[in-house]
Amino acid sequence: MNYFSTRDKSLKFSFKDIFLRGLAPGGGLFLPSEIKKFDKDELNGLSKLGYKELATEIIFNFCKEEVSKNELKLLIEKSYRTFKDEEVVNLKKFGDINLLELYKGPTLAFKDIAMQIIGNLYEHLEVAKEKEVNIVVATSGDTGSAAVSALNGRKNINLFVLHPHNKISSVQRKIMTTIGSSNIYNIAVKGSFDDCQKIVKELFNDDDFRSKINMSGVNSINWARIVCQIVYYFYSFFKLKKENISFSVPTGNFGDIYAGYIAKKMGLPITKLIVATNENDILQRVINTGEYKPDKVKPSISPSMDIQIASNFERLLFYVLGEDDQKVRLLMNDLSKKGSFRLNQSEMENIKRDFEAVKINDEDTKLIIKNINNEFKFIIDPHTATGFGAAKKVKGLENVVVLGTAHPFKFKDTIKKAIGKDLEAPSYLKIDMNKKEKFDIIENSNLQVKNYILRKVK
Ligand SMILES: *Cc1c(COP(=O)(O)O)cnc(C)c1O
């Protein structure tokens, strides 16, 4: 088994290569040459496992050339010791909808589930043994804190986190900027998340710079993150004990929901994957109209989804276009030259077989938070609320699971506006947010970020 690029199938990379690089040369994304498909008997066997054992069985299929199953098992156990619950995630029932709580990790969002493993993989794969590794990552609010928590204080690793200045919640920012030791650098870029992501991609495509600083990435374009997220789709299905299942997923960069698409390819009987977006609805538009056209980012009350360039969508395109790397390359060229591309009727139908897409605006999001609280005495965060809203709007589905992507405390100001309540930090948040924050504010400029990093790396 090896990995290739969505824009060039002839390339061959190992798991370790793609783990380190994140982005393929030429700008494509990595995909595995084989995807294990479980049959009924194998699914039955998996259904008896606890979360961590299940994670071992699933993740192993994507890295077995580099990590033995026993090593992986130990690595996963160690990674999830930082979580509140032994079972890592938790499935709850609200009327005819289910909620999968994915925010029991150290920084209160689902990003911890993959990032804690990735932190330990850096160590296990010994990528920083001979030469210091510099990780550069863009965050819309939650990836950054998860990465800081996972990589804090690790030997021979520096982490540079770019977040959009003043465009994430204050709790999101504080978790990220108060816990870092000397290997962590927070950068507030005067721009949007898309600007941050663009800078990171440009740095990756700058061969001289990349090799000079031995650069690595942990954005959701890193395949290892997606792999870790496949696990909870299976886990939900086994917990629900029904013949089929659908998921409603608050979506920004199309990473989390893409993990569900891979789960389906691996044999999980998923009827539909529902893309829930806020006003930044590029994915809703491409799925319902066929046109992929990034707009300006509109700040919303679900900032982790304030994204207009949903990078992982390219990974879906690859399959929708019949695994034709040339076609992917053409569409991506259209995107960078003309600012958009268009899918034809059969490609759209192909997507519609697996996906639905619904936009939920801020006003409705607040209303959903209020209604769920009134009806069930339970508080959900604004991202998760879009998932509930989207699930309600798609008719005719049974056994729908909404992915709960963040703890409401991270968005306590919005919660206060929606239901008038002050939220306390959950007991498993082990971070003192009254500590002095550490971050530098930088212009939205590739060159300035580059120079900043070079000064720190020396
Ligand atoms: C990152 C994030 C999302 C979006 O996930 P993608 O993988 O980018 O689609 C949704 N909700 C929260 C709380 C997040 O942190």
Side-chain angles (χ1 to χ4, degrees), residues 29 99-115 118 137-149 161 163-164 167-169 171-173 175-176 193-194 196-197 200 218-230 232-233 247-263 273-278 280-284 286-287 297 300-316 355 357 360 365 369 380-390 402-412 414-415:
L29 300 183
L99 168 69
L100 185 69
E101 295 181 288
L102 299 171
Y103 42 74
K104 306 289 185 150
T107 71
L108 313 185
F110 82 89
K111 305 293 202 296
D112 286 324
I113 293 179
M115 209 63 89
I118 283 182
V137 66
T139 182
S140 59
D142 294 320
T143 288
S145 52
V148 173
S149 163
V161 181
H163 76 264
K167 293 195 175 74
I168 63 178
S169 85
V171 178
Q172 282 182 311
R173 194 192 62 243
I175 293 179
M176 195 157 76
F193 169 76
D194 285 353
C196 297
Q197 179 163 256
V200 172
V218 293
N219 263 109
S220 72
I221 44 179
N222 191 315
W223 176 254
R225 279 182 63 179
I226 292 184
V227 164
C228 298
Q229 292 167 196
I230 296 170
Y232 44 73
Y233 286 89
F247 291 91
S248 181
V249 187
T251 304
N253 224 348
F254 205 72
D256 206 10
I257 197 162
Y258 191 75
Y261 178 77
I262 298 294
L273 293 159
I274 305 168
V275 172
T277 77
N278 63 23
N280 298 287
D281 67 336
I282 181 162
L283 288 165
Q284 186 273 125
V286 67
I287 291 170
V297 175
S300 80
I301 58 170
S302 41
S304 306
M305 309 191 321
D306 289 349
I307 294 174
Q308 285 282 349
I309 300 169
S311 300
N312 281 296
F313 192 69
E314 181 171 339
R315 287 193 159 113
L316 177 65
F355 292 91
I360 306 289
T365 302
I369 296 171
I380 53 173
D381 99 288
H383 304 78
T384 306
T386 67
F388 271 87
V402 175
L403 299 196
T405 49
H407 190 284
F409 177 71
K410 272 195 139 165
F411 308 94
K412 64 186 174 74
T414 297
I415 300 297

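We're numbering straight along the sequence, starting at 1. Just so you know, ligand 1 is whichever comes first in the structure, and atom 1 is the first atom listed for that ligand. Worth knowing before you read on, the calculation uses all heavy atoms, side chains too, and leaves out hydrogens, waters and symmetry mates.
If you number the atoms of ligand 1 from 1 as listed, the ones under 4.0 Å from a heavy atom of D142 come out as 12 (C), 13 (C), 14 (C), 15 (O). Against a heavy-atom cut-off of under 4.0 Å, T251 is close to the following atoms of ligand 1: 9 (O). Atoms of ligand 1 found under 4.0 Å from any heavy atom of S304 (numbered from 1 in listed order, with element): 2 (C), 12 (C), 14 (C), 15 (O). Listed by atom number, the atoms of ligand 1 under 4.0 Å from T405 heavy atoms are 10 (C), 11 (N), 12 (C), 13 (C). Per-residue contacts place G255 under 4.0 angstrom from the following atoms of ligand 1 (heavy atoms of the residue considered): 6 (P), 7 (O), 9 (O). Shown in contact with A406 at under 4.0 Å from a heavy atom are these atoms of ligand 1, numbered in order with element: 13 (C). Ligand 1 places these atoms under 4.0 Å from at least one heavy atom of M305: 10 (C). Residue contact check: H383 has heavy atoms under 4.0 Å from atoms 11 (N), 12 (C), 13 (C) of ligand 1.
Protein heavy atom closest to atom 14 (C) of ligand 1, with residue, atom name and distance, is K111 NZ, 2.8 Å. For atom 8 (O) of ligand 1, the closest non-hydrogen atom on the protein side is N253 N, 2.8 Å. The protein heavy atom nearest to atom 10 (C) of ligand 1 is P250 O, 3.6 Å. Nearest protein heavy-atom neighbour of atom 9 (O) of ligand 1: G252 N, 2.8 Å. If you check which protein heavy atom lies closest to atom 5 (O) of ligand 1, you get F110 CZ, 3.5 Å.
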| task | Apply the test ring-ring contact (aromatic ring centres under 6.0 Å, His included) to residues F411 and H383: give CA-CA distance (whole Å), side-chain angles for both, the deciding distance (0.1 Å), then the verdict. | result | CA-CA 10 Å; F411 308 94; H383 304 78; 4.7 Å; yes

| Test log, rule side chain to side chain contact (heavy atoms under 4.5 Å, CB included), inputs V249 and V275 | CA-CA 5 Å; V249 187; V275 172; over 6 Å; no

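Side-chain contact annotation: R225 with T143, donor-acceptor N/O pair under 3.5 Å present. Between the side chains of S311 and Q197, at least one donor N or O sits under 3.5 Å from an acceptor N or O. Side-chain contact check for Q229 and D256: at least one donor-acceptor pair (N or O, by modelled atom type) lies under 3.5 Å. In summary, the side chains of N312 and S220 do present a donor paired with an acceptor at a separation below 3.5 Å, with no hydrogens or angles considered.
Looking at S220 next to ligand 1, no N or O pair under 3.5 Å apart turns up. Residue D256 places at least one N or O, backbone or side chain, under 3.5 Å from an N or O of ligand 1.
In this structure, OG1 on T365 lies 7.5 Å from CG on N278, to the nearest 0.5 angstrom.
Shown are F247, Y261, Y258; of these, the ring-ring contact (aromatic ring centres under 6.0 Å, His included) with F355 is made only by Y261.
Smallest separation of non-hydrogen atoms from L283 and T251: CD1-CG2, 3.5 Å.
In summary, K104 and D112 do not engage in a salt bridge, as defined by a charged side-chain N under 4.0 Å from a carboxylate O.
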